[in-house]
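Before any comments, here is the structure.
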Number of protein chains: 2
Amino acid sequence: MTNATRTWGGTTLADRRADRRRRLVEAGIELLGGGDSTAVTVRAVCRTARLTERYFYESFADRDALMLAVYEHVAESARQAILDAVTRVADTDPEEQARAAVRAFVELLIDDPRKGTVLLLVPITEPALNKRGAELLPTFTAMIRDRLPDGYDDVHRELTATSLIGALTYLFISYLDGSLDVPRERLIEHAVGMLVAAASPPDATS
Amino acid sequence: MTNATRTWGGTTLADRRADRRRRLVEAGIELLGGGDSTAVTVRAVCRTARLTERYFYESFADRDALMLAVYEHVAESARQAILDAVTRVADTDPEEQARAAVRAFVELLIDDPRKGTVLLLVPITEPALNKRGAELLPTFTAMIRDRLPDGYDDVHRELTATSLIGALTYLFISYLDGSLDVPRERLIEHAVGMLVAAASPPDATS
DNA sequence: TCCAACTGAAAACGATCGTTGTCACTGTAC
DNA sequence: GTACAGTGACAACGATCGTTTTCAGTTGGA
């Protein structure tokens, strides 16, 4: 049996367990960030984290549990980054808030492209995440749909929100893998422009 | 040694070989259409095609060769469907041509959702296709980029074309997996509307 | 000091995969 | 009818994977 209070090497068991878990998740990000989810084997994760398989199953029931934890960890950091950026400019107009959100997201991807890959590519790639994991994009879609003006019917709002998320996702993916070679500021401005245009109420157009 | 002219069961060797290859590709579409590329094992393909492994390697050097052939087959059918639809209305205005192209593509997806999955989802999923196979989306992107009005600079056109492809792709993916529950005609009209709006020259906007 | 908890490395197990090889059988040409 | 190309079912091989187990060493509390 284990003893959570007993100290070992200056730390408690719970601390060491948490540290090992953190290293495993970080190793998962590192490997999953390469874009090839088949490279994320239990052995590779353990080797990257400099741990043995025994400690893998100390923190995760199976490989899928790690996948889920990795995705959730990255998604949570993205949510936090966006939320922080928006609340930091909560007293400005909606366009400025959209700009702050997009900028925070893009800078997160640039600071750590692995996270961008995990966030945008892996939910589609990995069967373990197809069902339970890929809830970030639908969440964003619903957020945008609910912020669209009332001038349109529900179908139009759903179509517009879905289109926006698809456009933003593909923009970021292309920017990440280098196939979209544009200045960062132009990318941000374009993304913000689409959001703002969609948020403005309909006037003369159909 | 083989003898291509000798008849067997009323057909020549070349005919039987071609027929077996066709059945293998069809089995690949069937399995890959499920969205899980790991389900496409050599054994599963052969079982679906009611052939044995020996005939698999008669037509394909290895598993990746089949993957490529499946993708190319589906992509070619999509290209043909779009091209046929556009040429059929070659004498109408560009908006009507865009409508015909989108309608042809959407109807292809509806007639055979497996093809839509292969076309839109698999190039990202399957490592064997990440490099060589996924050339359909960049091709479409370039096609759209070159058809955008001259009023913008190259960066804007690149951003707009990429956004459009991303939006269309995600729209179709969402429509295919049922998460975008809208009437088919609305989907087509929305897609056409985006294309037409992007193709119209800039006026008062930046 | 002694014992039990903890650690690290690696072997082992069963499953599945891609790929190749074997073997008995069937239809066709001569 | 005999030899042989073609066929179909399946075993076999080596590799890799997820997962479990073993085992020798190390650390800290009693």
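Everything numeric here is computed off the predicted structure, so don't read it as measured data. In what follows, every chain begins at residue 1, and chains take the letters A, B, ... in the order their sequences are listed.
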*With the side chain of B:Thr41 defined as its heavy atoms from C-beta on, choose the nearest nucleotide among C:dC17, C:dT19, D:dG18.*
C:dC17
*What's the verdict on side-chain contact (heavy atoms from CB on, under 4.5 Å) for B:Thr92 and B:Gln97, showing C-alpha distance, side-chain angles and the deciding distance?*
CA-CA 7 Å; B:Thr92 64; B:Gln97 294 185 23; 3.8 Å; yes
*asked:* Are there over 12 heavy-atom neighbours, none belonging to B:Asp93, within less than 6.0 Å of that residue's CG?
replied: yes
*If you draw a 6.0 Å radius around CZ in A:Arg147, do more than 12 non-hydrogen atoms from other residues or ligands fall strictly inside?*
no
*Let me know the distance between CZ of B:Arg23 and P of D:dT7, rounded to the nearest Å.*
11 Å
*Restricting to pairs with a member in residues 75-84 of chain A, which pass salt bridge (Lys or Arg N to Asp or Glu O under 4.0 Å), not counting sequence neighbours?*
A:Glu72-A:Arg79, A:Glu76-A:Arg79
*Interface residues of residues 46-56 of chain B with DNA chain D (non-hydrogen, below 4.0 angstrom)*: B:Thr52, B:Glu53, B:Arg54, B:Tyr55
*Give the rounded distance in Å between these two atoms: CD of A:Glu58 and P of C:dG8.*
10 Å
*Atom CG of A:Asp36 to atom P of D:dC17: distance rounded to whole Å?*
11 Å
_Minimum-distance pair of heavy atoms, taken over all atoms of A:Phe105 and A:Ala78_ = CE1-CB, 4.2 Å
*asked:* Side-chain N or O of B:Arg43 versus OP1/OP2 of D:dC10: is the shortest distance under 4.0 Å?
replied: no
*asked:* Using whole Å, what does the distance between atom P of nucleotide D:dG6 and atom CG of B:Asp15 come to?
replied: 14 Å
Side-chain donor-acceptor pairs under 3.5 Å in residues 51-69 of chain A, sequence neighbours left out?
| unit_1 | atom_1 | unit_2 | atom_2 | d |
| --- | --- | --- | --- | --- |
| A:Glu58 | OE1 | A:Arg20 | NE | 3.0 |
| A:Glu58 | OE2 | A:Arg20 | NH2 | 3.0 |
| A:Asp62 | OD1 | A:Asp64 | N | 3.4 |
| A:Asp62 | OD1 | A:Ala65 | N | 3.1 |
| A:Arg63 | NE | A:Val40 | O | 2.9 |
| A:Arg63 | NH1 | A:Glu126 | OE2 | 3.1 |
| A:Arg63 | NH2 | A:Ser37 | O | 3.3 |
| A:Arg63 | NH2 | A:Val40 | O | 3.3 |

*Could you tell me the separation between the CZ atom of B:Arg63 and the P atom of D:dT16, rounded to a whole number of Å?*
16 Å
_Non-hydrogen side-chain atoms of A:Leu109 and A:Phe172 separated by less than 4.5 Å_ = yes
*Can you check the B:Leu66 CG to C:dT19 C1' distance for me, whole Å?*
15 Å
*Atom OH of B:Tyr57 and atom P of D:dC10: how far apart are they, to the nearest Å?*
18 Å
*How is B:Arg17 classified with respect to the nucleic acid when contacts are heavy atoms under 4.0 Å: base, sugar-phosphate, or nothing?*
nothing
*Nearest-angstrom distance from the residue atom CZ of A:Arg16 to C1' of D:dG28*: 10 Å
